[in-house]
Amino acid sequence: MSKFVTELGLDLVSYKYLTSTSLRTPLGSAEFGKFALDKLPKQLHMRPMIKKYLAQKNQLHYTLDDYVILAKKAHI
């Protein structure tokens, strides 16, 4: 997160990872993989950011869970 907000010209104050995983019925990896390929579009616009900042190497048909980021304008 720090690299991401720094490149935006901001200082990271804090961030929180949010997930609803415990609220959903889990799927096995094979079931989820089939669902993602069949039902979800490739994340073409998010791909460069996910690769650069989160080191994800595979093409995704879904997005990662969300982060809430609090940052402030960097002092120059």
Side-chain angles (χ1 to χ4, degrees):
M1 289 303 140
S2 184
K3 180 179 178 183
F4 176 69
V5 297
T6 298
E7 288 188 15
L8 293 174
L10 302 170
D11 290 329
L12 179 64
V13 175
S14 67
Y15 69 93
K16 173 106 174 133
Y17 172 69
L18 304 176
T19 182
S20 61
T21 300
S22 64
L23 303 176
R24 299 183 299 230
T25 304
L27 290 176
S29 60
E31 290 175 294
F32 180 76
K34 181 173 179 0
F35 171 80
L37 286 171
D38 293 346
K39 307 285 186 193
L40 303 174
K42 288 183 180 178
Q43 298 296 312
L44 300 176
H45 301 289
M46 290 298 295
R47 173 73 180 123
M49 289 177 52
I50 291 170
K51 183 179 178 183
K52 182 175 182 177
Y53 297 108
L54 301 176
Q56 179 71 18
K57 294 179 176 59
N58 301 322
Q59 178 65 271
L60 301 178
H61 290 264
Y62 59 94
T63 59
L64 300 174
D65 286 329
D66 294 321
Y67 289 85
V68 173
I69 303 168
L70 176 61
K72 61 183 179 181
K73 193 180 275 189
H75 296 296
I76 299 175

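- The hydrophobic clustering, which links ILVMFWY residues whose side-chain heavy atoms are closer than 4.5 Å, places L10 and L70 apart.
- The two residues V5 and A71 come nearest to each other via the heavy atoms CG1-CB, 4.2 Å.
- Nearest heavy atom pair, residue E7 against residue K52, reads OE1-NZ, 2.9 Å.
- Residues L12 and T6 form no side-chain contact, since every pair of their non-hydrogen atoms from C-beta on lies 4.5 Å or further apart.
- By the side-chain contact (heavy atoms from CB on, under 4.5 Å) test, K72 pairs with D11, V13, sequence neighbours left out.
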